[in-house]
Student: 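Can you read through this structure? Questions will come right after.
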There are 2 protein chains.
Amino acid sequence: MMHLNNLYETLRERRETLGVTQLHLAELSGVALRTLKEIESGKGNPTAETLSKLADVMGMDLKLEIRKPAV
Amino acid sequence: MMHLNNLYETLRERRETLGVTQLHLAELSGVALRTLKEIESGKGNPTAETLSKLADVMGMDLKLEIRKPAV
DNA sequence: GCTTATAGTGCGTTATAATGCCTTTTTTAC
DNA sequence: GTAAAAAAGGCATTATAACGCACTATAAGC
């Protein structure tokens with residue numbers, strides 16, 4: 001895919017911080033377990049809606065922001 | 001879809017700020033014009049990769065961040 | 001008005017995201 | 001080390017994103 005690795009890692013880290021399993025997050029978010037697994041393992045190319053469902057339930061926002069120049 | 005309206009508006013605003021047409025952005029980003037039109041018009045549910053391609057070329061980042069409580 | 005550039009949309013095709021089911025692998029707790 | 005829980009992954013199906021093409025609508029100039 002691309003370098004969206006940050007996104008996937010961020011999702012996983014957040015999930016682990018919350019102490020919830022993939023299965024539980026799948027149930028809470030309405031995203032299929034199979035889909036969540038693919039996303040966290042860096043395969044797949046999730047849609048904005050799928051990302052948003054996961055973000056929502058974990059208290060996160062999916063957003064676009066102007067890139068800050070590397071200092 | 002969802003309330004990803006922010007995302008789409010952000011994309012359009014950024015494009016207009018840069019003074020570039022949909023056609024030009026499509027060429028620069030490698031996202032098909034048809035696809036870009038659908039996104040900006042709020043239809044469609046773009047993939048992370050598509051969003052990322054558009055963001056990249058406009059100097060933006062797609063990111064997930066912990067929601068800030070409404071003050 | 002007319003012309004041109006830009007944006008919006010209908011329709012069909014192709015590629016692939018989302019999903020379910022089932023099995024394997026890894027991790028965690030005894 | 002065994003059992004249970006959690007995660008990873010193969011495979012097939014369904015839903016739909018991405019796309020091309022052609023047409024329409026809406027500015028923006030002149």
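Residue numbering restarts at 1 for every chain, and letters A, B, ... go by the order of the sequence lines. Hydrogens, waters and symmetry mates play no part in the numbers below; they use all other heavy atoms, side chains included.
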Student: Rounded to whole angstrom units, what separation is found between the CG atom of B:Leu23 and the P atom of C:dG8?
Tutor: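 Answer to the nearest Å: 13 Å.
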Student: B:Leu54 has an atom CG; how far is it from atom C1' of D:dA18, in whole Å?
Tutor: 12 Å
Student: Can you list the steps and then say if A:Lys43 with A:Glu38 is a salt bridge (charged side-chain N to carboxylate O under 4.0 Å, His left out)?
Tutor: CA-CA 5 Å; A:Lys43 299 162 188 169; A:Glu38 273 173 9; over 6 Å; no
Student: Given atom CG of B:Leu33 and atom P of D:dC23, what is their separation to the nearest angstrom?
Tutor: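 Rounded to whole Å, this separation is 17 Å.
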Student: Give a yes/no answer on whether the side chain of A:Thr21 brings an N or O atom under 4.0 Å of OP1 or OP2 in D:dA6.
Tutor: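 It does not, given that no N or O in the side chain of A:Thr21 lies less than 4.0 Å from OP1 or OP2 of D:dA6.
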Student: Looking only at the side chain of A:Val31 (C-beta and beyond, no hydrogens), which of the listed nucleotides D:dC19, C:dA18, C:dT19 gets closest?
Tutor: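 From the listed options, C:dT19 comes nearest.
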Student: When you compare the side chain of A:Asn6 with that of B:Lys63, does any pair of heavy atoms fall below 4.5 Å?
Tutor: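 No, side chains not in contact.
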Student: Do the charged groups of A:Asp56 and B:Arg67 touch, with an N to O distance under 4.0 Å?
Tutor: yes
Student: Compare every heavy atom of A:Met60 with every heavy atom of A:Thr10, then report the nearest pair and how far apart it is.
Tutor: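 Minimum heavy-atom separation between A:Thr10 and A:Met60: CG2-CE, 3.6 Å.
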Student: A:Leu25 CG to D:dA5 C1': how many Å, rounded?
Tutor: 17 Å
Student: Please state how far atom CD1 in B:Ile39 lies from atom P in C:dT9, giving the value in whole angstrom units.
Tutor: 14 Å
Student: What is the distance, to the nearest angstrom, from the CD atom on A:Glu27 to the P atom on C:dT19?
Tutor: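 Rounded to the whole Å, the gap is 14 Å.
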Student: Name the residue from B:Asn45, B:Thr47, B:Thr50 that meets the side chain to side chain donor-acceptor pair (under 3.5 Å) definition with A:Thr47.
Tutor: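 Only one option passes, and that is B:Asn45.
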Student: Select from B:Ala32 and A:Glu16 the residue whose nearest nucleotide in DNA chain D is closer to the 5' end of that strand.
Tutor: A:Glu16
Student: Assuming nearest nucleotide by heavy-atom distance, tell me which of B:Glu40 and A:Leu36 is located more 5' along DNA chain C.
Tutor: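 First, find each residue's nearest nucleotide; the 5'-ward one identifies B:Glu40.
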Student: When you measure from the side-chain N and O atoms of B:Thr47 to the phosphate of C:dA17, is any distance below 4.0 Å, counting only OP1 and OP2?
Tutor: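 For C:dA17, OP1/OP2 do not have a side-chain N/O of B:Thr47 under 4.0 Å.
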Student: Among the nucleotides C:dA7, C:dT19, D:dA8, which one has an atom lying closest to any side-chain atom of B:Lys37?
Tutor: C:dA7
Student: Look at the side chain of B:Arg34 and the base of C:dG8, then say whether one donor and one acceptor between them are separated by less than 3.5 Å.
Tutor: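 Result: no qualifying N/O pair found.
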Student: Quickly work out the A:Leu51 CG to C:dA17 C1' distance and round it to whole Å.
Tutor: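 Taking atom C1' of C:dA17 as the reference, CG of A:Leu51 is at 12 Å.
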Student: Rounded to the nearest Å, what distance is computed from the CG atom of residue B:Asn45 to the P atom of nucleotide C:dT19?
Tutor: 11 Å
Student: Would one find a side-chain N or O of B:Thr50 under 4.0 angstrom from OP1 or OP2 of D:dA18?
Tutor: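 Yes, B:Thr50 has a side-chain N/O under 4.0 Å of OP1/OP2 on D:dA18.
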Student: Please state whether the phosphate of C:dG8, meaning OP1 or OP2, lies under 4.0 angstrom from any side-chain nitrogen or oxygen of B:Gln22.
Tutor: yes
Student: Quick one: is B:Arg15 getting a side-chain N or O under 4.0 Å of the C:dT6 phosphate, OP1 or OP2?
Tutor: no
